[in-house]
Amino acid sequence: MEAGSANGLKQERKKQKRIFMIKRAIICVMAVWIFFSVGICASLLIKVHRLEEKMEYLLDNFTVSGQIEAESKNTTSDAGESAYFDLEQAAGNFEDEEDYDIVQAVDQEENIAQPRDAHKVYLTFDDGPSGSTAEILDILKKYDLKATFFVIGKKGKEARALYRRIVDEGHTLAMHSYSHKYNKLYKSRESFEEDFSDIQNYLYEVTGEECLFYRFPGGSSNRVSNTDMTKFISYLNEQGITYFDWNVSSGDATSQTYTPEELVENVMTDVVKYKTSIVLMHDAETKASTVKALEPMIKALQKMGAEILPVDENTTVVQHIAAASVK
């Protein structure tokens with residue numbers, strides 16, 4: 001009787017142990033399933049966020065892509081036919097120049113390179129920072145070269161770290177608006193002033209760097225703004241800010257999709273024409289071709305003997321609308 005009771009107790013314990021093991025296995029499976037579900041959801045949220053950023057970038061730039069494409073083609077025309085410069089404005093044709101402490105934009109005819117002239121090339125990148133910016137910085141570091149980054153306002157640890165890296169590695173940190181939203185930025189002088197203050201103060205907060213250079217989204221000659229661009233130029237003049245346009249375009253902002261090889265060709269075709277070349281490129285997340293084009297572009301520029309520099313106070317100023325012509 002006792003043996004039977006002991007045997008029954010033993011069987012009961014085995015049964016309870018099996019139940020316990022099954023419960024533990026179920027809990028482990030559920031925990032693993034929850035862990036992977038959370039991981040997958042987090043990954044999807046990140047991808048959706050990045051996709052939203054890309055869509056927003058594409059929508060913001062779609063309206064000006066055709067314009068930039070047309071303007072970039074104009075860089076290949078004769079000096080007198082170029083849409084980039086009004087030569088009277090570039091010369092600063094106004095009555096009392098002494099009242100203005102504004103840098104003079106280069107006269108395009110004076111900037112045309114002669115056979116033995118040296119070439120100064122300024123590689124500039126708009127719309128960052130992003131993952132593309134990090135890759136571009138790695139390439140520039142490899143070749144011990146400095147460039148100029150016209151950045152927009154982005155929050156988050158990664159963006160803030162990239163702003164600081166640009167400064168720490170000796171590149172020029174410059175402004176390209178905070179919002180990069182044309183309808184908001186160019187709505188009025190007041191909206192432009194607010195946006196400008198946002199980007200200038202934010203970059204100073206993050207890096208301690210007082211940014212002195214600006215590039216208008218779409219360029220100073222854009223035809224997207226419903227407000228006269230001279231109102232915004234006048235404001236920058238009052239703030240002592242120098243803005244830069246470009247005279248060489250890689251084509252990476254146009255509606256046409258170029259291969260990395262074609263981007264290099266677009267740049268090299270035009271830089272030979274000028275003593276000072278301000279090269280327009282972009283480092284938004286979507287610009288993988290620009291990243292791939294950078295290293296062969298650097299090699300081609302070095303082969304032709306060009307000096308690659310960051311924008312500073314000594315840089316020859318290239319402006320589509322000369323700031324010195326605006327009161």
Side-chain angles (χ1 to χ4, degrees), residues 53 57 101-103 105 120-181 185 191-220 232-233 235-246 276 278-285 287 290-291 294 307-319 323:
E53 284 189 338
Y57 172 82
D101 185 19
I102 303 167
V103 292
K120 291 184 178 181
V121 177
Y122 296 84
L123 303 179
T124 70
F125 301 90
D126 291 7
D127 300 348
S130 73
S132 297
T133 311
E135 294 182 75
I136 288 168
L137 288 169
D138 289 342
I139 295 169
L140 293 170
K141 188 173 184 179
K142 176 181 176 181
Y143 287 88
D144 192 25
L145 293 172
K146 311 302 178 189
T148 304
F149 293 84
F150 289 94
V151 300
I152 61 176
K154 289 192 175 182
K155 300 292 186 180
K157 290 182 180 179
E158 292 182 4
R160 293 169 74 94
L162 285 168
Y163 292 130
R164 288 191 290 266
R165 184 179 171 189
I166 289 169
V167 173
D168 292 345
E169 294 186 5
H171 304 284
T172 297
L173 183 67
M175 299 170 285
H176 191 46
S177 82
Y178 189 91
S179 66
H180 203 274
K181 295 183 182 297
L185 178 68
S191 62
F192 181 85
E193 290 178 13
E194 182 179 351
D195 186 279
F196 176 84
S197 295
D198 286 344
I199 187 64
Q200 188 180 53
N201 293 336
Y202 181 55
L203 294 179
Y204 185 79
E205 172 198 326
V206 174
T207 68
E209 187 85 353
E210 186 177 353
C211 296
L212 302 175
F213 307 113
Y214 190 91
R215 173 171 285 158
F216 292 104
S220 66
F232 311 134
I233 294 171
Y235 174 73
L236 293 184
N237 287 347
E238 292 169 9
Q239 302 304 309
I241 299 297
T242 301
Y243 73 86
F244 280 82
D245 287 309
W246 60 90
T276 294
I278 307 293
V279 181
L280 175 67
M281 292 185 284
H282 295 78
D283 59 331
E285 196 72 50
K287 301 303 177 182
T290 303
V291 175
L294 182 57
E307 187 178 9
I308 302 173
L309 300 164
V311 167
D312 61 20
E313 63 276 6
N314 298 314
T315 302
T316 299
V317 177
V318 171
Q319 295 173 335

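Numbers here are sequence positions counted from 1.
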Smallest heavy-atom separation, A134 atom then R165 atom, equals O-NH1, 3.6 Å

Is a side-chain donor or acceptor of D195 paired with a backbone partner of S179 at a separation under 3.5 angstrom? yes

Can a salt bridge be assigned to the pair E205 and R160 using a cut-off of 4.0 Å between side-chain N and carboxylate O? yes

Can you check whether K154's main-chain N or O pairs, donor with acceptor, with Y163's side chain at less than 3.5 Å? yes

Under 30°, 30 to 60°, or over 60°: which ring-plane class applies to F150 and F244, parallel, tilted or perpendicular? tilted

Would you indicate whether the side-chain heavy atoms of Y214 and S177 approach each other to under 4.5 Å? yes

Give the minimum heavy-atom separation between I241 and C211, together with the two atoms involved. CD1-O, 3.7 Å

If the plane angle is over 60° it's perpendicular, under 30° parallel, otherwise tilted; pick one for F216 and F232. tilted

Test: K155 cationic atom under 6.0 Å from Y202 six-membered ring centre, within 45° of axis: yes

Smallest separation among heavy atoms of T148 and A174, with atom names: CG2-CB, 4.2 Å

is_close_aromatic(Y243, F196), centroid dist under 6.0 Å: no

Exam field: side chain D245 to backbone S220, donor-acceptor pair closer than 3.5 Å: yes

Is it true that, when you exclude Y204 itself, more than 12 heavy atoms of the residues, nucleotides or ligands shown sit nearer than 6.0 Å to its OH? no

Between D283 and T133, a side-chain donor and acceptor under 3.5 Å: yes

